[in-house]
Protein chains: 2
Amino acid sequence: MSQHRHPGAPGRAGAVPALPDLPEATVARLPEYLRALHNLAETGHETVSSEGLASAAGVNSAKLRKDLSHLGSYGTRGVGYDVALLIDQIEYVLGLTQRRAVALVGVGNLGHALAGYDGFVSRGFRIAALFDADAARVGEEINGLVVRHIDELPRVAAEEAIAIGVIATPASAAQSVADQLVAVGVTSILNFAPCVLSVPEGVDLRKVDLAIELQILSFHEHRKASLTALPATGGSALTALPGGLAVTDPQEAIGT
Amino acid sequence: MSQHRHPGAPGRAGAVPALPDLPEATVARLPEYLRALHNLAETGHETVSSEGLASAAGVNSAKLRKDLSHLGSYGTRGVGYDVALLIDQIEYVLGLTQRRAVALVGVGNLGHALAGYDGFVSRGFRIAALFDADAARVGEEINGLVVRHIDELPRVAAEEAIAIGVIATPASAAQSVADQLVAVGVTSILNFAPCVLSVPEGVDLRKVDLAIELQILSFHEHRKASLTALPATGGSALTALPGGLAVTDPQEAIGT
DNA sequence: AGGCGCTTGTGAAGGCGTGCACAAATCGCG
DNA sequence: CGCGATTTGTGCACGCCTTCACAAGCGCCT
């Protein structure tokens, strides 16, 4: 765990670049591999094959091998990957060897839950400060942290090296908060507010919108429903969905 | 809203296909367009150009036009898109003309927040029931809904037509909950638990992992830090580290 | 009525990501 | 010591998605 050296790599010197620029898709999967690896380590596995790790992470084994090859990680042919070594390597690449400080802005419904979410802590992060603009919420203690007013952000940022800002405010406040975070030097932002933010170049921005996920599922529900509602009797009567929408049959090609 | 017909399409009857099979990437963006459109409608806009809507939704205008063309939506050349009409069309395609019932399982830290999240309600969904396996939580009232024991899921599902299941349990319980949801006929699941779920074919599964988002940001932080720490001196220091991984930022990896 | 400016819809090209299939490499065993 | 079983690493082809660039269409103004 506290081991920062990575022993045991084959003799070739300089074979592992410091920070290869990985495909974004690979980066997005590394955390999943990491979680699967931790599970494996806890259950006593010392090595794992690409097939085994892939299924534990829910991906294709060829994809996993290619991902790992991108970061220069060496498995052993005929054996597999060393679990502990791979954990170290991925954690290093993801920059998890230092426990990054996270500032959470917006302690409403969702923010409150995020402040208490132990998944952040258990996976390499440290919630360094909580902020809110609502004076009524300032002073409240959540999970051992006191909510500060957003105006104190500059002062707190000067004390703690805040690496990542999390925005859990209403949409109307999000852009302003983002600007303030950028102003104090934060270069990575995770946005939970349902709105588009604009940030200067060099600042990384990711967004999580819970309602959007549901809407995507809703689309698939809708599609499945319309398909099953049409057994095979093409064309005859248009089936009406509960909402009142007439549905033409799938072979709408007749129109074109 | 209650308008279910899509008037104004050029002479061709039935010009709006019921459910074209859209590219997945397009589906994922439609909710974003929808939100931007609602904002525009509230601010009095009756029409909007692809450029305007694209910037409001944070995407490229060509991409937006292609997305909309996929769902057969017709704008007017020289003018733009009719905001109200486009809202109807997207809501129809996404299956939001009916208010789908959502069952939320796991009323812990995160689940509690989700139960109170008004973004679900305001965007076409209805939280129909809350479940938990912990007897201590059963009976608690959240946002006007009483938490039921997970064993009651079959009975409740028989009463309410549950379209989507949301899992906000610990990872250890998630697969079991997913199985139970599938057993009562749920065909769309949104998983917040940090684990890989397996579901039968025909069941749609999406995952949101808050910690993974942070880890992705952490990677970019790490990368940015290592780049600024390396002026231009190619070579010696960064290429070779016999132990295995080269280290660009000494403070980072060497800290005990 | 006709032309002009604006905007959509789309063909084509390029890039990225995925998955297959196989050569290369390593271990264990006789 | 050599051979076979096993597994990695990767070249290659394919498909999806993005982006550019432009012709076609529409309204407005003269």
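The figures here come from the full heavy-atom set of this structure, side chains too, leaving out hydrogens, waters and symmetry mates. Sequence lines set the chain letters: A, B, ... in the order given, protein chains first and strands last, and positions in each chain run from 1.
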Are B/Ser188 and A/Glu221 close enough, and set up right, to give a side chain to side chain donor-acceptor pair (under 3.5 Å), and what steps lead you there? CA-CA 7 Å; B/Ser188 289; A/Glu221 277 296 304; 2.8 Å; yes
Please walk me through it: do B/Asp67 and B/Thr26 pass side chain to side chain donor-acceptor pair (under 3.5 Å)? CA-CA 6 Å; B/Asp67 283 343; B/Thr26 295; 2.6 Å; yes
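Look at B/Asn60 and you'll find a side-chain N or O under 4.0 angstrom from OP1 or OP2 of D/dC20. Residue A/Arg29 has a polar side-chain atom (N or O) positioned under 4.0 Å from OP1 or OP2 of C/dT18. Side-chain N/O atoms of B/Thr76 include none lying less than 4.0 angstrom from OP1 or OP2 on D/dC26. Within the structure, every side-chain polar atom (N or O) of B/Tyr74 is placed at least 4.0 Å from both OP1 and OP2 of D/dC26.
Straight-line distance from the CG atom of B/Leu30 to the P atom of D/dC17: 13 Å, rounded to whole Å. Rounded to whole Å, atom C1' of C/dG11 lies 12 Å from atom NE2 of B/His70. In this structure, NZ of B/Lys63 is placed 18 Å from C1' of C/dA12, rounded to the nearest angstrom. In this structure, the CD atom of A/Glu51 is 11 Å from the P atom of C/dC20, given to the nearest Å. In this structure, B/Arg65 places its CZ atom 16 Å from C1' of D/dC17, rounding to the nearest Å. What separates CG of B/Leu64 from P of D/dT19 is a distance of 12 Å, to the nearest Å. Residue B/Asp82 contributes atom CG, which lies 16 Å from atom P of C/dT7 at whole-angstrom precision. One can place OH of A/Tyr81 at 13 Å from C1' of C/dA25, the figure rounded to the nearest angstrom.
Of the candidates C/dA21, D/dA21, C/dG17, C/dG17 carries the atom nearest the A/Ala25 side chain, counting heavy atoms from C-beta on. Here D/dT7 is the nucleotide among C/dT8, D/dT7, D/dT19 with the atom lying nearest to any side-chain atom of A/Ser49. Side chain of B/Val79, nearest nucleotide from D/dT19, C/dG19, D/dG27: D/dG27.
Under 4.0 Å is where a charged nitrogen must lie from a carboxylate oxygen, and between B/Asp204 and A/Lys224 at least one such pair does.
In terms of position on DNA chain D, the residue among B/Asp67 and A/Gly75 whose nearest nucleotide sits closer to the 5' end is A/Gly75. Both A/Glu24 and B/Ser69 lie near DNA chain C, and the one whose nearest nucleotide falls closer to the 5' end is B/Ser69.
With hydrogens and angles left out, the side chain of A/Arg77 and the base of D/dT7 share no donor-acceptor pair within 3.5 Å. The base of C/dG19 lies close enough to the side chain of A/Lys66 for a donor and an acceptor atom to sit less than 3.5 Å apart.
No donor-acceptor pair closer than 3.5 Å links the side chain of B/Thr76 to the backbone N or O of B/Val79.
In this structure, the side chains of A/Phe192 and A/Asp209 stay at 4.5 Å or more apart for every pair of heavy atoms.
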